[in-house]
Amino acid sequence: MIRFAPLLLCLAALTGCGLQPMYAGGGNGAVARGLAAVEVAPIEGKAGWLVRNELRDRLGQSGAAATPRYRLDIVLDDRLEGLGLLTDDTIGRERRTLRARYQLVDMTKDEVLLDATAGSDAGIDVVSSEYATIAAEDTALENLAREVANRIITRVSLTLRKSES
């Protein structure tokens, strides 16, 4: 029992620290209601289509939703650059970078609640098969879109949690 005393003491200290789950209340909680009221504005390009679909999936917007209170405006910067040069002056490695500048706008007050950026990058091996390289570039873009959408949702959730409390 004595060897568990430090653990019990730490657990007791954590109960009074004020931490609470972000999604407290489940689907009826403040964050879940706020996320359901976010409309994602159209985003240009293939990367925009992928990011918007990822965001809509996480927001639970599969069909007609209630009247949105918030609007998420996003501008993407998708870059593909060659990195490693081989001895025959061909590119051996590429880096794909996806950056998003986004704003969460409260449409009832016409006020910007969040103005931030999110981004991620991926390395791609350039191989002798052009098809395989293009497939790797597309897969990298899909993974980057998912990662950027996750980062945006996390920041939007934190912002909505603060604005609701």
Side-chain angles (χ1 to χ4, degrees), residues 21-86 90-108 110-164:
M22 181 180 298
Y23 297 105
N28 294 324
V31 173
R33 286 192 316 264
L35 288 176
V38 174
E39 170 188 57
V40 182
I43 312 167
E44 289 186 28
K46 180 179 180 179
W49 181 80
L50 290 168
V51 169
R52 186 170 190 254
N53 283 344
E54 289 290 335
L55 288 169
R56 290 173 54 103
D57 285 348
R58 282 170 186 57
L59 294 170
Q61 299 175 352
S62 56
T67 305
R69 176 178 174 186
Y70 306 101
R71 184 182 69 243
L72 192 57
D73 296 325
I74 302 171
V75 176
L76 292 178
D77 180 23
D78 178 24
R79 295 186 184 210
L80 184 63
E81 60 183 334
L83 291 178
L85 282 178
L86 303 176
T90 59
I91 295 174
R93 189 123 173 102
E94 294 176 332
R95 177 190 298 164
R96 183 156 219 160
T97 306
L98 186 62
R99 302 276 179 254
R101 168 94 193 266
Y102 59 97
Q103 291 183 328
L104 180 66
V105 179
D106 186 339
M107 294 189 296
T108 59
D110 199 29
E111 174 185 2
V112 176
L113 300 177
L114 174 65
D115 187 355
T117 59
S120 191
D121 61 7
I124 302 164
D125 287 328
V126 177
V127 295
S128 59
S129 168
E130 187 175 339
Y131 174 78
T133 302
I134 291 171
E137 291 170 354
D138 286 345
T139 301
L141 181 59
E142 292 169 8
N143 292 337
L144 292 173
R146 188 174 306 112
E147 178 66 27
V148 168
N150 284 338
R151 291 175 187 213
I152 291 172
I153 288 295
T154 300
R155 288 288 305 272
V156 167
S157 298
L158 290 170
T159 300
L160 292 174
R161 180 177 169 201
K162 288 178 188 174
S163 69
E164 293 295 327

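Atoms considered below: every heavy atom in the structure, side chains included; atoms not considered: hydrogens, waters and symmetry mates.
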Least distance between heavy atoms, S120 atom then V148 atom = N-CG2, 4.1 Å
Count the heavy atoms of every other residue, nucleotide or ligand shown that sit under 6.0 Å from CD of E81, and state whether that count exceeds 12.
-> yes
Of all the heavy-atom pairs spanning I152 and A118, show the shortest one and how long it is.
-> CG1-CB, 4.1 Å
Compare every heavy atom of V126 with every heavy atom of E94, then report the nearest pair and how far apart it is.
-> CG-CG2, 3.5 Å
Is there a donor-acceptor pair closer than 3.5 Å between any side-chain N or O of R95 and the backbone N or O of D121?
-> no
In Å, rounded to the nearest 0.5 Å, how long is the span from CG of L72 to CZ of R52?
-> 10.5 Å
Closest non-hydrogen contact found for Y102 with T117 is CE2-C, 3.7 Å
Heavy-atom closest pair (P68 atom, E39 atom, distance to 0.1 Å) is CB-CB, 3.7 Å
Could you name each residue pair satisfying salt bridge (Lys or Arg N to Asp or Glu O under 4.0 Å) that touches residues 143-156, not counting sequence neighbours?
-> E54-R146, E147-R151
Atom pair CZ/CG of R99 and L76 - distance to nearest 0.5 Å = 11.5 Å
Taking atom CD of E111 as the centre, report whether more than 12 heavy atoms of other residues, nucleotides or ligands fall under 6.0 Å from it.
-> yes
Value for CG (L98) from CG (N143), rounded to nearest 0.5 Å, stands at 11.5 Å
Determine, for R101 against D115, whether the closest basic-nitrogen to carboxylate-oxygen distance falls under 4.0 angstrom.
-> yes
Is R71 reaching over with its side chain to a backbone N or O of M107, donor-acceptor style, under 3.5 angstrom?
-> no
Hey, could you give me the OG1/CZ distance between T108 and R69, rounded to the nearest 0.5 Å?
-> 4.5 Å
Here the pair of heavy atoms bringing L55 nearest to A149 is CD2-O, 3.7 Å
So, do L160 and Y70 sit near enough that their side-chain heavy atoms are less than 4.5 Å apart?
-> yes
d(L104 CG, D106 CG) to nearest 0.5 Å is 7.5 Å
Side-chain donor/acceptor of T133 to backbone N/O of V127, under 3.5 Å | yes
Does a side-chain heavy-atom distance below 4.5 Å link K46 with D138?
-> yes
Any side-chain heavy-atom pair from I153 and L59 closer than 4.5 angstrom?
-> yes
If you measure from CG on L158 to CG on L114, what distance do you get to the nearest 0.5 Å?
-> 9.5 Å
